[in-house]
2 protein chains.
Amino acid sequence: MAKRNFSLKRNAIYQVLCATDTHPSARWVYDQLKPSIPDLSLGTVYRNIALFKDEGTVRVICNVNGEERYDGNVEPHSHFVCNCCGRVIDVEDESMSSDFTSGLFEKGFTVESRYVLYYGICPECKENNLH
Amino acid sequence: MAKRNFSLKRNAIYQVLCATDTHPSARWVYDQLKPSIPDLSLGTVYRNIALFKDEGTVRVICNVNGEERYDGNVEPHSHFVCNCCGRVIDVEDESMSSDFTSGLFEKGFTVESRYVLYYGICPECKENNLH
DNA sequence: TTAAAATCAGTAATGATTATCGAGTTCTTT
DNA sequence: AAAGAACTCGATAATCATTACTGATTTTAA
């Protein structure tokens, strides 16, 4: 079994992605780590997130205001995107019954992943009348 | 009832978006129209698509290779995105029963729209061994 | 007719993401 | 331990989709 050989910075980036449920952008990860790792560069964050995407250990959830948003939790679950504040919030996944593939297999498609996104206004924005 | 006052170019852009099921990017729409409307500019395509988005008459389906993909069909339906060729293909929508909101309403969320995206390999790419 | 509003081409600006490059650093094999 | 391959990274430049700006032209409404 191959040992995963994480560098300090790569590991830190991955930890941030796994420890938060804010589904952050690359810059947010960078801003989180910069104080404790002053010589971190934004390119390194992008480079390592690209590696995680290739590995399949991190997923792109959606794109909010031009920024990709990532999730270190690759268990199947859905997301709610607030059209007002841009927050991306975890949602219990709908039951993943086989008919959810919409007969794609029978039509010759290979389904590798499935995303469910809800868009709307989150409770905080409703409460603060920001919408 | 307010008359919708479409300019020639705005109308042409909307027609292209409604007449195709390729879920095109802005540039694709531009390339389609440029031969018949030689003085069309790409900025105009973006500007009018932004209007359609605000109106709700056109939707952003997903982002493939950095390009937003649009759909003039706003009836609820799902989409399959080919990870190989980037095509976006219509899929019969899953039955839209109320439990698909995952209890979001009860939690204070206002759900304005819901997207289901499948990612994988389309039949053509499988056949051509492009994956 | 006339002034405000809408539309647009052309171009510049923005901003997220990616590529490049040279300099360390770590691993491997001996 | 030494040599060299492979890895990692900061800094910076480049790319590219999208947006903003500007001045001209057209349409609308009174």
Side-chain angles (χ1 to χ4, degrees), chain A residues 1-17 22-55 57-71 81 83 86 88, chain B residues 1-17 22-55 57-71 81 83 86 88:
Chain A
M1 190 167 312
K3 177 177 71 132
R4 281 177 72 173
N5 190 10
F6 273 12
S7 72
L8 176 90
K9 286 170 185 173
R10 179 168 307 165
N11 204 46
I13 292 164
Y14 185 65
Q15 292 308 316
V16 168
L17 283 168
T22 60
H23 313 86
S25 64
R27 175 164 292 279
W28 189 92
V29 174
Y30 171 78
D31 290 339
Q32 290 293 115
L33 290 172
K34 188 68 175 174
S36 54
I37 311 179
D39 68 338
L40 179 68
S41 100
L42 184 55
T44 295
V45 176
Y46 275 108
R47 192 184 319 116
N48 284 292
I49 288 178
L51 290 176
F52 301 145
K53 287 197 280 186
D54 287 347
E55 280 181 357
T57 49
V58 164
R59 285 189 167 192
V60 181
I61 296 305
C62 56
N63 189 302
V64 179
N65 298 328
E67 286 188 330
E68 281 196 345
R69 303 286 288 265
Y70 309 101
D71 196 341
V81 182
N83 285 328
V88 180
Chain B
M1 188 167 317
K3 178 176 71 132
R4 280 178 70 173
N5 188 10
F6 272 14
S7 71
L8 176 90
K9 286 169 184 172
R10 179 168 305 165
N11 204 47
I13 292 164
Y14 185 65
Q15 292 308 316
V16 168
L17 284 168
T22 59
H23 313 86
S25 64
R27 174 163 292 279
W28 190 91
V29 174
Y30 171 78
D31 290 340
Q32 290 293 114
L33 290 172
K34 188 69 175 171
S36 54
I37 310 179
D39 68 339
L40 179 68
S41 100
L42 183 55
T44 294
V45 175
Y46 275 108
R47 189 184 327 114
N48 284 291
I49 288 178
L51 291 176
F52 300 146
K53 287 198 277 185
D54 288 347
E55 281 182 353
T57 48
V58 163
R59 286 188 164 192
V60 181
I61 296 306
C62 56
N63 188 303
V64 179
N65 297 328
E67 286 188 331
E68 281 196 345
R69 302 286 288 266
Y70 308 101
D71 196 342
V81 181
N83 284 329
V88 181

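Keep in mind that the numbers below use all heavy atoms, side chains included, and drop hydrogens, waters and symmetry copies.
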Restricting both atoms to N or O, compile the protein contacts to nucleotides 16-18 of chain D shorter than 3.5 Å, with distance only.
residue, atom, partner, partner atom, Å
D:dA17, O3', B:Gly66, O, 3.2
D:dT18, OP1, B:Glu68, N, 2.8
D:dT18, OP2, B:Tyr46, OH, 2.3
D:dT18, O5', B:Tyr46, OH, 3.4

Report summary line: CD of A:Glu55 to CG of A:Asn48, rounded to nearest 0.5 Å, is 9.5 Å

Query raised in the report: Under 4.0 Å: is that the gap between some side-chain N or O of B:Asn48 and OP1 or OP2 of C:dC8?
Result: yes

Report task. For A:Leu40 and D:dT8, give me the distance from atom CG to atom C1', rounded to whole Å. Result -> 12 Å

Query raised in the report: Nearest heavy-atom pair of B:Arg27 and B:Leu42: which atoms, and what distance?
Result: NH2-CD2, 3.2 Å

Query raised in the report: Can you find a side chain N or O atom of A:Ser7 that sits less than 4.0 Å from OP1 or OP2 on D:dC7?
Result: no

Report summary line: Note: A:Leu17 and A:Pro24 closest approach over all heavy atoms is CD2-CG, 3.9 Å

Query - Value in whole Å for how far the C1' atom of D:dT27 lies from CZ of B:Arg10 - result: 12 Å

Report task. Specify the separation, in whole Å, of atom CG of A:Leu51 and atom P of D:dT8. Result -> 7 Å

Query raised in the report: Does atom CG of B:Asn65 have more than 12 heavy-atom neighbours from other groups under 6.0 Å away?
Result: no

Query raised in the report: Are B:Arg47 and D:dT19 close enough that a side-chain N or O sits under 4.0 Å from OP1 or OP2?
Result: no

Report summary line: Of B:Val45, B:Thr22, B:Leu40, the one forming a side chain to side chain contact (heavy atoms under 4.5 Å, CB included) with B:Val29 is B:Val45

**Report entry** Length of the CD1-P vector between A:Ile13 and D:dT8, whole Å
**Finding:** 11 Å

Requested in this report: Round to the nearest Å and state the distance from A:Asn11 atom CG to D:dT8 atom P.
Outcome: 12 Å

